**Q** 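Below you will find the structure I want to go over with you.
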Amino acid sequence: MICAEDEIGLGTGHDGIMVLEPDTKPGTPAAEYFNIESDIRIEVDLTPNRIDGASHIGVARDLAAYLKQKDNSIEVRWPSVDEFKIDNHDWPVQVKVENPEACTRYSGLTISGISVKESPDWLKNKLLAIGMTPINNVVDITNFILHEMGQPLHAFDGDKITGDKVLVKTLSKGTKFTTLDEKERELDDQDLMICNANEGMCIAGVFGGIDSGVTEKTSRIFLESACFNPVFVRKTARRHTLNTDASFRFERGTDPNITLYALKRAALLIKEVAGGNISSEIVDIYPEPVKHHDVELSLAHVDRLIGKKIESSQIRKILKALDIDIVAETEGLWRLAVPPYRVDVQREADVIEEILRVYGYNNVEAPHKLNSTIVYADKPNIGKLRNTIASQLVGAGFDEIMSNSLTKAAYYENSETFPEKQVVKLANPLSSDLNGMRQTLIFNALEAVRHNRNRQNADLRLFEFGNCYSLNPAKPASEVKGYREEEKLALIVTGNKISGIWNSEDQKISFFDLKTWCYNILERLGIDMQSCKEQPNENDLISEGLKITAADGKELFYMGMAHPTLLKKFDIDEPVYFAELNWQTLVKASAKKSVMFKEISKFPEVKRDLALLINKDVMFSQIKELALKAEKKLLKEVSLFDVYEGEKLGAGKKSYAVSFTLQDTTKTLKDKQIDKTMSNLTRVFEQELGAKLR
């Protein structure tokens with residue numbers, strides 16, 4: 001193929017195709033022709049807490065700690081910076097840190113008379129070996145130092161530093177700033193910036209600006225080596241969705257005590273590959289030096305947590321290899337000083353973990369016996385109940401979903417049912433779509449419906465067990481009592497109940513199907529459904545809904561059709577029915593019920609029907625409640641089997657056809673007794689509801 005330099009990863013040039021020497025022998029490997037060295041790459045998978053290992057020296061330092069246990073002569077040799085010296089004082093730059101809480105330490109120097117060009121082969125090969133693309137000799141050195149010792153550096157074009165001033169500060173909210181990727185970004189007033197006398201040059205610890213970067217025209221640079229507050233960098237990187245090698249390290253914590261060494265090392269290398277002179281003293285602003293972490297270690301706790309007694313001399317040797325100093329010793333207690341670069345070791349348990357890691361997990365023998373205790377199990381068994389109901393729903397054709405407890409806080413804007421002020425918001429959200437904890441499962445359920453419908457899966461029966469969270473705005477957010485966590489069970493259905501069957505017409509899922517499934521759950525949990533009360537329930541999330549409460553007034557669940565406005569927001573054009581059950585309330589109610597059984601009656605049931613003309617606002621639940629209250633001995637069941645509305649009935653009227661099941665468990669009912677009972681029920685309906693027989 002005919003390629004440009006950047007097309008085969010040899011550089012950034014795209015001026016034209018690369019022309020080889022005429023005497024180049026066909027078949028010569030490209031790596032040999034371009035003098036590309038081969039190397040062995042070892043990939044290290046770091047856990048988030050081990051940022052001290054995110055460099056070649058960091059890995060070497062950790063490996064040496066292990067090897068020293070067998071050979072005490074092992075040591076990590078850092079490149080020498082003894083040759084560093086100030087060449088002249090021709091270009092001093094004034095540095096001022098206006099936000100010391102965001103910038104722990106800021107170091108820098110100037111280098112004049114440099115020649116920015118392509119890096120030498122040795123430098124390019126080092127970067128290519130770790131998958132980085134060489135840019136120019138100055139930028140390549142900063143990247144080299146970043147991966148060599150884990151300290152991010154930044155080089156500013158000296159001609160862009162207006163007023164020869166470097167200011168570390170924040171800018172006004174809404175300030176426009178164009179980064180190296182040529183994107184204009186709108187800054188927040190919490191974004192720490194590196195500025196000149198007039199404007200911003202770089203988003204501190206995250207990304208450089210397009211105007212202050214090093215180019216082939218650059219002849220002098222200001223070299224920065226700093227330590228920024230991890231929280232500030234993390235928030236800024238998330239806010240602008242910028243993830244760079246520098247932000248990766250600053251977010252997790254860098255070593256403030258290495259900035260000067262990294263600065264000198266980089267300056268010497270830049271002079272080697274780009275020429276120039278160091279033309280200022282080192283500026284080092286470090287108002288509050290970071291101290292070693294003070295940790296107290298109990299040797300008894302070491303033995304207890306590891307499960308094996310390790311000799312104190314061995315522990316002492318491991319700590320020394322890890323650069324952890326023993327500053328004081330009393331009987332069985334050591335006071336330790338842990339270097340700041342170990343950001344993950346700040347507690348006794350962290351130190352013990354380090355001791356075990358170096359000692360070797362495999363060196364801790366498994367015991368020959370296992371001690372166990374009798375564990376008390378709560379009754380009812382919540383996990384077993386959850387599985388029982390899940391199996392019941394799966395048997396009814398439902399699929400279980402699991403969604404993220406983190407959600408979009410904007411869902412709760414202008415909501416009366418779940419006010420936005422009750423949303424538990426995250427201090428450091430990953431994105432605006434995951435910046436709050438859910439108060440209800442309905443939004444997650446509608447997201448699942450939308451996702452499935454967009455993929456031609458429109459007939460859905462879904463359920464989810466999940467925790468919901470809320471904040472009591474009347475209490476301080478710093479108090480645990482101000483927060484509430486509850487487990488809920490959500491059911492959501494939409495589409496067809498029956499479809500694609502040759503001997504049956506398609507049938508839509510309805511409100512009453514969902515109500516039946518909800519009541520089946522109550523019945524399976526042993527809750528007395530006869531004592532449950534139904535109340536109309538409509539709000540900004542649910543229309544044409546019901547709220548079902550227990551005899552003591554506690555809400556068991558609410559259900560209804562998702563509000564049309566809500567469906568429109570989720571771009572769903574089909575009715576969706578939703579129910580949310582208070583799982584903890586149901587479990588407590590279930591615990592109070594004992595299993596009862598009785599002999600099947602030997603005497604027959606009797607059914608009688610009444611056609612009642614009533615007002616439209618009368619609900620069947622009122623009829624059922626009145627009937628069961630009026631006849632407690634013989635009446636076993638009340639059911640509705642027909643509803644009719646028409647002009648012939650009169651304005652505001654409807655007809656209910658209600659069936660009543662009567663039974664006496666001690667004898668056969670006689671007509672006289674049945675007629676008396678039905679007459680009594682008819683009288684109650686006429687008096688209480690204004691009903692008339694049709």
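Values below: all heavy atoms of this structure, side chains included; hydrogens, waters and symmetry mates excluded. Please read all numbers here as calculations on a predicted model, not as lab measurements.
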**Q** Keeping N99 on the side-chain end and E101 on the backbone end, is there a donor-acceptor pair under 3.5 Å?
**A**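 A pair under 3.5 Å: no.
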**Q** Do the charged groups of K425 and E420 touch, with an N to O distance under 4.0 Å?
**A**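 The answer is yes: the pair qualifies as a salt bridge.
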**Q** Give me the atom names and distance for the closest heavy-atom approach of N435 to A409.
**A**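 Answer, listing the atom of N435 first, then A409: OD1-N, 2.8 Å.
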**Q** Going by an N to O cut-off under 4.0 Å, is there a salt bridge joining E688 and K629?
**A**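 Not counted as a salt bridge, because no side-chain N and carboxylate O are separated by less than 4.0 Å.
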**Q** For Q422 and Y469, test the side chains for any donor-to-acceptor distance below 3.5 angstrom and give the result as yes or no.
**A**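 The answer is no; no qualifying pair exists.
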**Q** Distance from H147 atom NE2 to D245 atom CG, nearest 0.5 Å?
**A**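 Rounded to the nearest 0.5 Å, the NE2-CG separation comes out at 4.5 Å.
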**Q** With no hydrogens and no angle check, do the side chains of D540 and T417 hold a donor and an acceptor under 3.5 Å apart?
**A**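 Side-chain D/A pair, D540 to T417: present.
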**Q** Just wondering, more than 12 heavy atoms not from E523 lying within 6.0 Å of its CD?
**A**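 12 or below, so no.
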**Q** Please report the interatomic distance CG(L460) to CD(E574), rounded to the nearest 0.5 Å.
**A**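 Going from CG on L460 over to CD on E574, the span is 10.0 Å.
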**Q** Can you name the one residue among T494, N457, D459 that meets side chain to side chain donor-acceptor pair (under 3.5 Å) with N452?
**A**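 One option only clears the test, and that one is N457.
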**Q** Working to the nearest 0.5 angstrom, can you tell me the gap between R450 CZ and F570 CZ?
**A**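 One finds 5.5 Å between CZ of R450 and CZ of F570.
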**Q** Would you say the side-chain atoms of T516 and D513 include a donor-acceptor pair closer than 3.5 Å?
**A**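 Distance-only check fails for T516 and D513.
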**Q** Short question: side chain of N582, backbone of E555 - any donor-acceptor pair under 3.5 Å?
**A**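 Checked: pair present.
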**Q** For F177 versus C202, what's the shortest heavy-atom pair and its separation?
**A**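 Closest approach of F177 to C202: CZ-N, 3.6 Å.
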**Q** Is a side-chain donor or acceptor of R105 paired with a backbone partner of P256 at a separation under 3.5 angstrom?
**A**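 Yes.
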**Q** Check the pair T388, R524 against side chain to side chain contact (heavy atoms under 4.5 Å, CB included), reporting the backbone distance first and the verdict last.
**A** CA-CA 9 Å; T388 298; R524 187 66 178 269; 3.5 Å; yes
**Q** Checking R185 against T179 for the side chain to side chain contact (heavy atoms under 4.5 Å, CB included) test, could you report, in this order, the C-alpha distance in whole Å, the side-chain angles of both residues, the deciding distance, and whether it holds?
**A** CA-CA 7 Å; R185 304 178 188 274; T179 46; 3.1 Å; yes
**Q** Between H240 and D191, do the side chains contain an N or O donor and an N or O acceptor separated by less than 3.5 Å?
**A**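 Side-chain D/A pair, H240 to D191: present.
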**Q** Does the pair E645/K653 count as a salt bridge with the N-to-O cut at 4.0 Å?
**A**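 No, E645 and K653 are not salt-bridged.
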**Q** Where is the tightest heavy-atom contact between P575 and M561, given as atom of each residue plus distance?
**A**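 Heavy atoms only, the tightest pair is CB-SD, 4.0 Å.
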**Q** Donor-acceptor pair, N539 side chain versus I542 backbone, under 3.5 Å?
**A**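 Judged by distance alone, yes, a pair lies under 3.5 Å.
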**Q** If you define the side chain from C-beta out and look only at heavy atoms, does anything of F578 sit under 4.5 Å from L491?
**A**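 Answer no - side chains too far apart.
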**Q** Just by distance, do the side chain of D552 and the backbone of K554 share a donor-acceptor pair under 3.5 Å?
**A**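 Present.
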**Q** Salt-bridged, E186 to K173, with N to O below 4.0 Å?
**A**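 No.
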**Q** Do V166 and C195 make a side-chain contact, defined as non-hydrogen atoms from C-beta onward lying under 4.5 Å apart?
**A**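 Of all side-chain heavy-atom pairs linking C195 with V166, none is under 4.5 Å.
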**Q** Rounded to the nearest 0.5 Å, what separation is found between the CD1 atom of I492 and the CD atom of E580?
**A**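 Taking CD1 in I492 and CD in E580, the distance rounds to 10.5 Å.
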**Q** I'd like to check H451 versus R455 (side-chain heavy atoms, cut-off strictly below 4.5 Å). Are they in contact?
**A**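 Touching, per the 4.5 Å side-chain cut-off.
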**Q** Do V233 and N229 make a side-chain contact, defined as non-hydrogen atoms from C-beta onward lying under 4.5 Å apart?
**A**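 Heavy-atom side-chain distance check fails, nothing below 4.5 Å.
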**Q** Starting from the C-alpha separation in whole Å, work towards a yes-or-no answer on side chain to side chain contact (heavy atoms under 4.5 Å, CB included) for I623 and L689.
**A** CA-CA 8 Å; I623 297 174; L689 302 176; 3.7 Å; yes
**Q** Is there a side-chain contact between D344 and D52, using heavy atoms and a 4.5 Å cut-off?
**A**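 Counting from C-beta outward, D344 and D52 do come under 4.5 Å.
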**Q** State plainly whether the residues E251 and R249 are in salt-bridge range, i.e. N to O under 4.0 Å.
**A**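 Answer for the salt bridge query: no.
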**Q** When N467 is tested against each of K488, E485, E486 for side chain to side chain donor-acceptor pair (under 3.5 Å), which residue passes?
**A**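 It is E485; the other options fail the test.
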**Q** A quick test of your reading: do over 12 heavy atoms of other residues, nucleotides or ligands sit less than 6.0 Å from CG of N414?
**A**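 Not more than 12 within 6.0 Å, no.
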**Q** Would you say that V449 contacts I572 through its side chain, given a criterion of any heavy-atom pair below 4.5 Å between the two side chains?
**A**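 Result yes, sub-4.5 Å side-chain heavy-atom pair found.
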**Q** Taking N196 for its side chain and K160 for its backbone only, find out whether a donor-acceptor pair lies under 3.5 Å.
**A**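 Between the backbone of K160 and the side chain of N196 there is a qualifying donor-acceptor contact (under 3.5 Å).
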**Q** If we only count heavy atoms from C-beta on, is the I285 to K96 side-chain gap below 4.5 Å?
**A**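 A side-chain contact is absent here, since even the closest heavy-atom pair is not under 4.5 Å.
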**Q** Of all heavy-atom pairs between L434 and P429, which one has the smallest distance, and what is that distance?
**A**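 Looks like O-CB, 3.8 Å.
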**Q** For a quick test of reading the model, state the closest non-hydrogen atom pair linking C103 to L192 and the distance between them.
**A**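 Scanning both residues, the minimum pair turns out to be CB-CD2, 4.3 Å.
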**Q** If you round to the nearest 0.5 Å, how far is CD1 of I51 from CZ of R342?
**A**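 Rounded to the nearest 0.5 Å, the CZ-CD1 separation comes to 12.0 Å.
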**Q** Show the numbers, then the answer: is there a salt bridge (Lys or Arg N to Asp or Glu O under 4.0 Å) between K508 and D506?
**A** CA-CA 7 Å; K508 292 285 186 182; D506 290 355; over 6 Å; no
**Q** If you define the side chain from C-beta out and look only at heavy atoms, does anything of M559 sit under 4.5 Å from N537?
**A**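 Not touching, per the 4.5 Å side-chain cut-off.
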**Q** Could you check whether the rings of F443 and Y412 sit parallel, tilted or perpendicular, using 30° and 60° as the cut-offs?
**A**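 F443 and Y412: perpendicular rings.
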**Q** When you check the gap from the basic side-chain N to the acidic O, do E534 and K515 get nearer than 4.0 Å?
**A**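 Yes.
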**Q** State whether the side chain of Y411 and the backbone N or O of S415 hold a donor-acceptor pair below 3.5 Å, judged by distance alone.
**A**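 It does not hold such a pair.
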**Q** Would you say the side-chain atoms of T244 pair up with the backbone N or O of V206, donor to acceptor, closer than 3.5 Å?
**A**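 Such a contact is found between T244 side chain and V206 backbone.
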**Q** Pair W517, F398 - check ring-ring contact (aromatic ring centres under 6.0 Å, His included), show working.
**A** CA-CA 10 Å; W517 286 315; F398 280 77; 5.0 Å; yes
**Q** Within the distance-only criterion (no hydrogens, no angle test), does the side chain of Q439 pair as donor or acceptor with the backbone N or O of P419 below 3.5 angstrom?
**A**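 A pair under 3.5 Å: yes.
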**Q** Apply the test side chain to side chain contact (heavy atoms under 4.5 Å, CB included) to residues T47 and R50: give CA-CA distance (whole Å), side-chain angles for both, the deciding distance (0.1 Å), then the verdict.
**A** CA-CA 6 Å; T47 53; R50 291 304 309 277; 3.4 Å; yes
**Q** Using modelled atom types and a 3.5 Å cut-off, is there a donor and acceptor pairing between side-chain atoms of E538 and backbone atoms of E544?
**A**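 Yes, E538 side chain to E544 backbone: donor-acceptor pair under 3.5 Å.
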**Q** May I ask you to decide whether K235 forms a salt bridge with D188, counting only side-chain N to carboxylate O separations under 4.0 Å?
**A**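 Salt bridge between K235 and D188, a charged N being under 4.0 Å from a carboxylate O: no.
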**Q** Tell me whether R438 is salt-bridged to E464, with the criterion being a basic N under 4.0 Å from an acidic carboxylate O.
**A**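 Looking at R438 and E464, the cut-off is met.
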**Q** Decide ring-ring contact (aromatic ring centres under 6.0 Å, His included) for F232 and F250; before the verdict, give the C-alpha distance in whole Å, the side-chain angles of both, and the deciding distance to 0.1 Å.
**A** CA-CA 9 Å; F232 274 79; F250 281 128; over 10 Å; no
**Q** Please indicate whether D181 has more than 12 foreign heavy atoms, meaning atoms of other residues, nucleotides or ligands, lying under 6.0 Å from its CG.
**A**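 Check passes, neighbour count above 12.
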**Q** Give the minimum heavy-atom separation between S470 and V424, together with the two atoms involved.
**A**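 It is C-CG2, 3.7 Å.
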**Q** Could you tell me which residues satisfy side chain to side chain donor-acceptor pair (under 3.5 Å) with S172, sequence neighbours excluded, listed by chain and number?
**A**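 Per chain and number, S172 pairs via side chain to side chain donor-acceptor pair (under 3.5 Å) with no residue.
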**Q** To the nearest 0.5 angstrom, please state how far the NZ atom of K384 sits from the CG atom of N387.
**A**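 Separation between the atoms: 10.0 Å.
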